[in-house]
Participant: 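Before I ask anything, let me first share the structure, which is written out below as structure tokens.
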Amino acid sequence: MYSDGDTIVAAATPAGESALAIVRLSGPLCTGISEEFAGDRPVLPRKAFYGAYKAADGVLLDRCVFIPYPAASSYTGEDMLEISCHGNPLIVRQIVDDLLRRGCRPAEPGEFTRRAFLNGKMDLTQAEAVQDIISARCEAALEAARRQLDGSVGTAVNALLDKLLHVVAYTEAYIDFPEDDLPPESSEGPIAELVALQKAAKLLIATAPYSAMLRDGAKTVIAGLPNAGKSSLLNALVGEDRAIVSAEPGTTRDYIEERLLVGRHLLRVVDTAGLRIGAGEVENKGIEKSLNQIEHADIVILVLDSTTPLPYREVPEQVQKLSNRAGLIVVENKCDLPDSVKLSDIMPDAKHVRISALNGDGVEELRGVIAQTIESSCRVPGQDDVLVSARHAEALRSMSDNIALALEKMRSHEPAELAASDLRAALSALEQIVGRVDHERVLDLVFSSFCIGK
């Protein structure tokens, strides 16, 4: 069992007033502290007991519920103790300070989960999923994090590891035992297995953009000509006056970003400067930023004023190129006005929604179309699909690149030692995902984003 000999302590609930708060400890001092507060009562594993929390100097701090966890059945794989007290931040601070005087030390960010990983309670992908569950801001992200915590990524990666290990063992057998009675060396079998591994890695890597979209939100850019109602649409979607609305064209000179939920998905909605030809110098800088936002968007909502249908040629060329984009939605705004006309002839291949951003007509329909567009254009995986993060994808690319080098040597009938070296590098890259290799820098990167107490 991993142990650095320290007992760590931290508040496991957010700061602020609440009905209850939890202070958690992990390490060798937990048993003695549990027995002290239990008094004459036996301390039973995972059985709560109620008692007075008296500080080391005898002062009563609170009456608490104590739950001891032996190492074999604890979250960290070490003896643990959780103390549930009243949710007054002053009480929490007094209890933590007292435990520090008793020999504990403050936990570092993510240190409880880091100890769980080091003690074999979970692999590194599951440890990452803990933070994803805490920070998930939409149902789809939460579902993906739950699957990862259940081991979906680890299971997929371990399956690749087992297959790669088989090829490595086969290759190295002819290096280590060249004079033994082995079957004739052939690269045909290993080549087929390595090609299959590359294909499997490619499928996993393809899920990384959607995984990032779940965490950060689908980037949804509201674009269009000046005074078409882009800022009004942002306000209607968000439900408050987030952007300045004016009859004067070119009011928005920079972009405004807001987050909101649409169905199961989180959106990062960006309201951009109006796109028009012949704008002034300052406005042109805003337009350049708008075009950059459009280029990197998952969804583009092109807002048109249905009361003043302009010729398609007056829309900047960069916007005209959006016609064939899967994530494009054309919004025909101001449909409540008597001179509104349908604009179905403009970008006819795109989805069209008629709305009034001013009074809300059609906005709920637009929300539904946005959700459908995410599902259809952003390759939303099914419930059983495995999603990998950017870190996982980087390691999978490294594995695939090293396999490519090995394949080149095998096909050229170069010595097995050279191919084996590339395969060991591929193996090392893959092991970094689940944490079989102790790379301190990788662990620091993963756990530094955790909150204290987790």
Participant: How close do V386 and S152 get, heavy atom to heavy atom, and via which atoms?
Facilitator: CG2-O, 3.8 Å
Participant: Using the rule side-chain hydrogen bond (donor to acceptor under 3.5 Å, both in side chains), only one of E332, R354, K334 pairs with S340; which is it?
Facilitator: R354
Participant: Does a donor on one side chain sit under 3.5 Å from an acceptor on the other, for N158 and T155?
Facilitator: no
Participant: Do the side-chain N and O atoms of K121 and Q126 include a donor-acceptor pair separated by under 3.5 angstrom?
Facilitator: no
Participant: What I'd like to find out is whether the side chain of M213 reaches to under 4.5 Å of the side chain of D298, using heavy atoms alone.
Facilitator: yes
Participant: Scan side-chain atoms only and decide if S428 and R424 contain a donor-acceptor pair under the 3.5 Å cut-off.
Facilitator: no
Participant: Does the pair R268/E258 count as a salt bridge with the N-to-O cut at 4.0 Å?
Facilitator: no
Participant: Could you go through the salt bridge (charged side-chain N to carboxylate O under 4.0 Å, His left out) check for E111 and R105 one step at a time?
Facilitator: CA-CA 12 Å; E111 189 169 4; R105 69 164 174 82; 2.5 Å; yes
Participant: So with a 6.0 Å cut-off around NE2 of H352, is the heavy-atom count from everything else above 12?
Facilitator: yes
Participant: Taking atom types as modelled, is there a side-chain donor on E128 or H392 under 3.5 Å from an acceptor on the other?
Facilitator: yes
Participant: Partners of E364 by side chain to side chain donor-acceptor pair (under 3.5 Å), sequence neighbours excluded?
Facilitator: R367
Participant: Which heavy-atom pair separates G435 from F117 by the least distance, and what is that distance?
Facilitator: O-CZ, 3.4 Å
Participant: Answer yes or no for R24 and Y75: cation-pi contact, defined as NZ/CZ to six-membered ring centre under 6.0 Å and angle to ring axis within 45°.
Facilitator: yes
Participant: Taking all heavy atoms of A357 and all of G229, pick out the closest pair and write down the distance.
Facilitator: CB-O, 4.4 Å
Participant: Please round to the nearest 0.5 Å and tell me the distance separating atom CG of L90 and atom CG of D62.
Facilitator: 10.5 Å
Participant: With the threshold set at 4.0 Å, does a side-chain nitrogen-carboxylate oxygen contact exist between R115 and E78?
Facilitator: yes
Participant: So do V330 and I346 actually touch side chain to side chain, heavy atoms under 4.5 Å?
Facilitator: no
Participant: Can you tell if the side chain of R46 reaches within under 4.5 Å of the side chain of S73, non-hydrogen atoms only?
Facilitator: yes
Participant: May I ask you to decide whether K230 forms a salt bridge with D271, counting only side-chain N to carboxylate O separations under 4.0 Å?
Facilitator: no
Participant: Go through it in stages, so that I can follow the logic: the residues are I133 and L149, the test is side-chain contact (heavy atoms from CB on, under 4.5 Å), and I'd like the CA-CA distance, side-chain angles, deciding distance and then a yes or no.
Facilitator: CA-CA 9 Å; I133 283 180; L149 185 60; 3.5 Å; yes
Participant: Between A425 and N402, which heavy-atom pair has the shortest distance, and what is it?
Facilitator: CB-OD1, 3.4 Å
Participant: Applying side-chain contact (heavy atoms from CB on, under 4.5 Å), run through I433 and D123 and close with a yes or a no.
Facilitator: CA-CA 9 Å; I433 297 178; D123 67 29; over 6 Å; no
Participant: Work out which heavy atom in S356 is nearest to a heavy atom in D336; give both atom names and the distance.
Facilitator: OG-OD1, 3.0 Å
Participant: Working note: L99 + V96, criterion side-chain contact (heavy atoms from CB on, under 4.5 Å); need CA distance, chi angles, decisive distance, verdict.
Facilitator: CA-CA 5 Å; L99 291 167; V96 171; 5.5 Å; no
Participant: Please confirm whether the backbone N or O of D361 pairs with a side-chain atom of N359, one donor and one acceptor, at under 3.5 Å?
Facilitator: yes
Participant: Listed by chain and number, what are the side chain to side chain donor-acceptor pair (under 3.5 Å) partners of D98, not counting sequence neighbours?
Facilitator: Y53, R102
Participant: Determine, stepwise, if the pair V130 / D132 fulfils side-chain contact (heavy atoms from CB on, under 4.5 Å).
Facilitator: CA-CA 5 Å; V130 173; D132 288 342; over 6 Å; no
